Trainee: 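Mind looking over this structure? Questions follow.
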Amino acid sequence: MISPSRDRNFFLKLINKATTLSHLSQTHAQITLNGLHNDLATVTKLTHKLSDLNSIYQASLLCSKFPKPDLFLYNVLIRGFSQNNFPHKALDLYFGIRKNTTLKPDNFTYAFTVSASSYLPEKVGVLLHGQSIVGGFGSDLFVGSALVDMYFNFSKVGYACKVFDEIPERDTVLWNTVISGLVNNCFFEESLRAFKDMVVGGTRFDSTTLTAVLPASAELQELRVGMMVQCLVVKAGCHCHEYILTGLISLYAKCGEILIAKSLFDQIGCPDLVSYNAMISGFSCNNETESSVKLFKELLCLGERVNSSTIVGLIPVFSPFGNLDLTWSIHCFCLKSGMVLNPSVSTAVTTVYSRLCEIESARKLFDDSPEKSLTSWNAMISGYAQNGQTEMAISLFREMQDLEIHPNPVTVTSILSACAQLGALSLGRWVHDLINKEGFESNIFVSTALIDMYAKCGSIAKARRLFDTMQEKNVVTWNAMICSYGLHGRGHEALNLFTKMVDSGISPTGVTFLSVLYACSHSGLVNGGEEIFHSMVHDHGFEPLAEHYACMVDLLGRAGKLEKALEFIYKMPIAPGPAVWGALLGACMIHKDTNLAQLASDKLFELDPENVGYYVLLSNIYSADRNYPQAASVRQAVKKRNLAKTPGCTLIEVNETPHIFTSSDRSHPQIAAIYIKLEKLMGEMMEAGFQTETFTALHDVEEEEKELMVKVHSEKLAIAFGLIASEPGTEIRIIKNLRVCLDCHNFTKFASKITERLIVVRDANRFHHFKEGVCSCGDYW
DNA sequence: CTAGGGTTAG
């Protein structure tokens with residue numbers, strides 16, 4: 001007879017060695033024969049092994065027959081349930097222990113139970129969090145790691161970080177949990193900061209760490225991190241793991257360093273599918289379509305089965321030159337192979353369609369996708385927002401809310417862009433609250449979009465406050481703020497900010513110069529603008545593009561230097577396009593130069609015959625010059641060519657509710673009161689010396705309707721309504737889709753004086769702040 | 001390890 005203890009050790013080793021279920025079943029049988037089936041240590045080991053071999057049912061059966069399990073055995077079973085995707089069972093067991101036994105859960109119990117709760121309703125996890133604190137594990141490393149992971153899985157980034165902060169001891173696993181949690185929630189900057197803290201703090205990192213950090217740095221185009229990773233790997237003396245190499249390939253490719261990426265690819269002796277995919281996508285996003293396709297074919301020749309990642313990488317969504325035929329053939333391939341069912345593939349194709357302005361095709365693909373990821377929704381929403389279909393973007397967002405699909409920073413960025421375009425301040429504020437609640441504000445895309453939203457909704461001060469509180473700013477952030485100042489006619493602030501930007505070491509881009517030039521132009525800062533243009537070419541070595549030239553023409557023309565503007569056009573090294581002539585035509589309107597206007601519009605009708613705007617502008621110029629026959633003949637030409645005119649409309653928000661007015665609108669429920677208010681106001685204005693200027697007030701109106709319609713341009717209705725519906729002394733804020741006409745501009749000046757109100761008007765081009773009878777644009781728009 | 005979604009200017 002063998003002694004029980006020798007017996008037990010013998011069987012424990014046997015259990016450990018088992019690699020298959022039948023193996024383990026034999027051992028189990030022998031254990032029973034030897035009378036060890038009621039031995040705690042043996043049963044625990046057996047349970048552990050059974051659950052590792054995915055036989056959780058047998059494991060639980062075994063335990064249920066055991067007379068008096070201890071906490072250790074329960075913990076093993078909870079872990080088994082959790083790892084075998086039975087989170088409910090894990091939780092039942094945990095609550096069973098608390099209710100039916102006198103055992104006190106320990107850190108293992110909490111760690112395993114919390115892990116299971118990642119797949120259950122969030123409130124369960126929160127409950128467990130509380131109970132673990134009561135149990136005395138508020139700063140336990142293992143329980144804490146599980147909680148951090150859980151909160152990240154629920155996108156509760158703030159809570160995750162809070163738990164993390166309270167854990168004094170931090171090992172590699174905890175740091176990895178934090179870093180990958182941040183990356184998965186699009187908190188890229190923060191993930192890199194965490195990695196830095198980890199390294200500085202002396203915690204050893206591993207390949208898991210690097211494989212989380214590399215995509216984050218690729219996302220941010222942070223080449224330095226990649227180089228640092230390479231140095232660290234070399235220092236550590238280990239061979240560069242192939243996974244890390246693949247991550248590096250992707251990073252370098254996304255930073256435009258395609259040659260380095262290629263050389264890393266060549267370093268891999270026998271690249272796997274994933275490495276191929278990284279390289280194919282690398283070529284694609286660097287516009288090296290041929291190399292990309294070549295590598296793709298090479299991959300096919302190797303007999304390797306391509307996957308969805310290969311296809312997505314092949315689609316050059318980053319390329320500004322989308323190719324509809326290519327997209328269509330890839331789409332067909334995906335339809336035939338069933339690949340289109342993959343949400344990543346359909347999202348990629350949706351995006352290309354959107355970029356090619358094929359928004360209907362994009363929507364069809366979206367609707368046909370059986371499985372929509374958050375990314376699919378984001379692609380569709382941004383597609384609408386970028387194509388100017390802001391209402392569609394917002395309604396899709398509302399649909400998401402109804403379906404309780406949780407937005408992420410990408411979603412809110414697109415929605416903010418839509419709010420900005422639309423001037424929807426109350427929705428924008430609501431989104432801002434959401435952003436604070438979710439902790440998205442530190443995301444640079446989100447905060448930049450917020451700045452833009454507030455500025456475009458009229459709150460330039462709020463935009464600047466946000467800008468000043470941002471810890472990290474990129475070029476786009478600076479551009480957005482500079483552009484905001486331009487929009488509000490604050491040229492000096494724009495110039496100051498530009499200087500500050502250059503001083504803080506940020507390299508300006510083409511957009512920066514455009515924004516500064518427009519700001520100068522809208523504020524009449526001719527010298528400032530000319531200096532910037534000169535500096536752009538000579539100090540910054542920037543080759544001006546067509547739009548920069550157009551901006552200069554606008555600057556000179558607006559300031560009345562029409563001859564100089566024309567001279568500038570003739571000296572341009574590139575052929576002047578519609579933007580340039582359009583700017584000149586606009587200047588002719590302001591300064592009533594019909595001859596030059598005719599020259600500019602002849603060029604425009606030739607270059608851009610379908611655009612009605614130029615006809616309207618020319619007609620208005622003739623009218624302003626009281627040359628009515630000419631004006632009429634231009635309008636005749638518009639009619640003959642059957643070109644559609646954009647109807648004017650104005651939006652005003654009162655008590656968070658938007659009201660939209662069109663010309664001569666009578667549909668508003670309070671329309672009678674509005675007209676009474678308007679009449680009264682006009683009477684007071686006449687006494688104060690206001691005269692309607694019929695002849696310049698003709699954006700898109702027929703001659704005979706002029707007198708009638710001048711009185712009821714949509715912005716007048718909106719202002720009158722605003723005066724009735726809001727408290728005396730409060731600011732009135734309106735948004736219109738066309739440029740404000742001279743008559744309405746005068747009207748608003750008088751209105752601001754008589755009613756003692758600040759009136760802020762956003763027109764198609766810029767903002768006007770009316771106060772005490774004066775407009776911030778200096779009558780210069 | 002790879003692939004899909006985001007901010008500014010016109």
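Not measured: the values here are computed from a predicted model.
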Trainee: Suppose the criterion is salt bridge (charged side-chain N to carboxylate O under 4.0 Å, His left out): which pairs have a residue in residues 460-469 of chain A, not counting sequence neighbours?
Mentor: A/R464-A/D468
Trainee: Between B/dG4 atom C1' and A/K254 atom NZ, what is the distance in whole Å?
Mentor: 10 Å
Trainee: Kindly indicate whether the side chain of A/N443 and the base of B/dG6 share any N or O donor-acceptor pair separated by less than 3.5 Å?
Mentor: yes
Trainee: Closest nucleotide of DNA chain B for A/V274 versus for A/E219: which of these residues is on the 5' side?
Mentor: A/V274
Trainee: Would you please confirm or rule out a distance under 4.0 Å between OP1 or OP2 of B/dG4 and any side-chain N or O of A/S346?
Mentor: no
Trainee: To the nearest Å, how far apart are A/R363 CZ and B/dG5 P?
Mentor: 19 Å
Trainee: Is it the case that A/S442 and A/E190 place a side-chain donor and acceptor less than 3.5 Å from each other?
Mentor: yes
Trainee: Would you indicate what A/P343 reaches in the nucleic acid, counting non-hydrogen atoms under 4.0 angstrom: base, sugar-phosphate, or nothing?
Mentor: base
Trainee: For A/I506 and B/dT8, what is the distance between atoms CD1 and C1' respectively, to the nearest whole Å?
Mentor: 14 Å
Trainee: The side chain of A/F445 lies closest to which of these nucleotides: B/dT8, B/dG6, B/dA3?
Mentor: B/dG6
Trainee: Between the side chains of A/D206 and A/T209, is a donor N or O closer than 3.5 angstrom to an acceptor N or O?
Mentor: yes
Trainee: Indicate every side-chain donor-acceptor pair of residues 414-421 of chain A with a distance under 3.5 Å to a residue at least two apart or in another chain.
Mentor:
unit_1: A/S417; atom_1: OG; unit_2: A/Q421; atom_2: NE2; d: 3.4
unit_1: A/Q421; atom_1: NE2; unit_2: A/A385; atom_2: O; d: 2.9

Trainee: Answer with base, sugar-phosphate or nothing: what part of the nucleic acid does A/F265 contact at a heavy-atom distance below 4.0 Å?
Mentor: nothing
Trainee: For DNA chain B, which residues of residues 407-414 of chain A approach it to below 4.0 angstrom with any heavy atom?
Mentor: A/N408, A/P409, A/V410, A/T413, A/S414
Trainee: So, OP1 or OP2 of B/dG4: does either fall under 4.0 Å of a side-chain N or O from A/K372?
Mentor: no
Trainee: A/Q386 has a side chain; which of B/dG5, B/dG4, B/dT7 sits nearest to it?
Mentor: B/dT7
Trainee: Does B/dG4 have OP1 or OP2 under 4.0 Å away from a side-chain N or O of A/S281?
Mentor: no
Trainee: Check salt bridge (Lys or Arg N to Asp or Glu O under 4.0 Å) between A/E288 and all other residues, then give those that pass, not counting sequence neighbours.
Mentor: none
Trainee: Counting side-chain heavy atoms from CB outward, which of B/dT2, B/dG4, B/dC1 is closest to A/S344?
Mentor: B/dG4
Trainee: For the pair made of CZ in A/F397 and C1' in B/dG6, what is the distance, rounded to whole Å?
Mentor: 14 Å
Trainee: Which nucleotide, B/dG6, B/dA3, B/dT8, lies nearest any side-chain atom of A/V446?
Mentor: B/dG6
Trainee: Below the 4.0 Å mark, does B/dG5 have OP1 or OP2 next to a side-chain nitrogen or oxygen of A/S382?
Mentor: no
Trainee: Mind jotting down which residue pairs meet the side chain to side chain donor-acceptor pair (under 3.5 Å) criterion with at least one end in residues 374-384 of chain A? Sequence neighbours excluded, please.
Mentor: A/T347-A/S376, A/R363-A/Y384, A/S373-A/S376, A/N378-A/N408, A/N378-A/T411
Trainee: Compile the donor-acceptor pairs under 3.5 Å between side chains in residues 427-434 of chain A and protein atoms, sequence neighbours left out, one pair per line.
Mentor:
unit_1: A/H432; atom_1: ND1; unit_2: A/Y454; atom_2: OH; d: 2.7
unit_1: A/H432; atom_1: NE2; unit_2: A/E441; atom_2: OE2; d: 2.8

Trainee: Could you state the CG-C1' distance from A/N474 to B/dG6, rounded to the nearest angstrom?
Mentor: 12 Å
Trainee: Between B/dG6, B/dT7, B/dG4, which one does the side chain of A/R355 approach most closely?
Mentor: B/dG6
Trainee: Which of these nucleotides, B/dT8, B/dG5, B/dG4, is closest to any side-chain atom of A/L374?
Mentor: B/dG5
Trainee: What is the nucleic acid contact for A/S207, judged by heavy atoms within less than 4.0 Å: base, sugar-phosphate only, or nothing?
Mentor: nothing
Trainee: Among B/dG5, B/dT8, B/dA3, which nucleotide sits nearest the side chain of A/S309?
Mentor: B/dA3
Trainee: Could you point out which residue of A/L495, A/L514, A/T512 forms a side-chain contact (heavy atoms from CB on, under 4.5 Å) with A/I482?
Mentor: A/T512
Trainee: If you measure only the distance, is there a donor-acceptor pair under 3.5 Å linking the side chains of A/D554 and A/S521?
Mentor: yes
Trainee: Side chain of A/D272 only, heavy atoms from C-beta on: which candidate in B/dG6, B/dC1, B/dA3 is closest?
Mentor: B/dC1
Trainee: Without decimals, in angstroms, what is the distance between A/L220 CG and B/dG6 P?
Mentor: 15 Å
Trainee: Select base, sugar-phosphate, or nothing to describe what A/K473 touches, counting heavy atoms under 4.0 Å on all strands.
Mentor: nothing
Trainee: So what does A/S308 hit on the nucleic acid, given a heavy-atom distance under 4.0 Å: a base, only sugar-phosphate, or nothing?
Mentor: base
Trainee: Round to the nearest Å and state the distance from A/I311 atom CD1 to B/dA3 atom P.
Mentor: 15 Å
Trainee: CD1 of A/I435 versus C1' of B/dT7: gap in Å, rounded?
Mentor: 11 Å
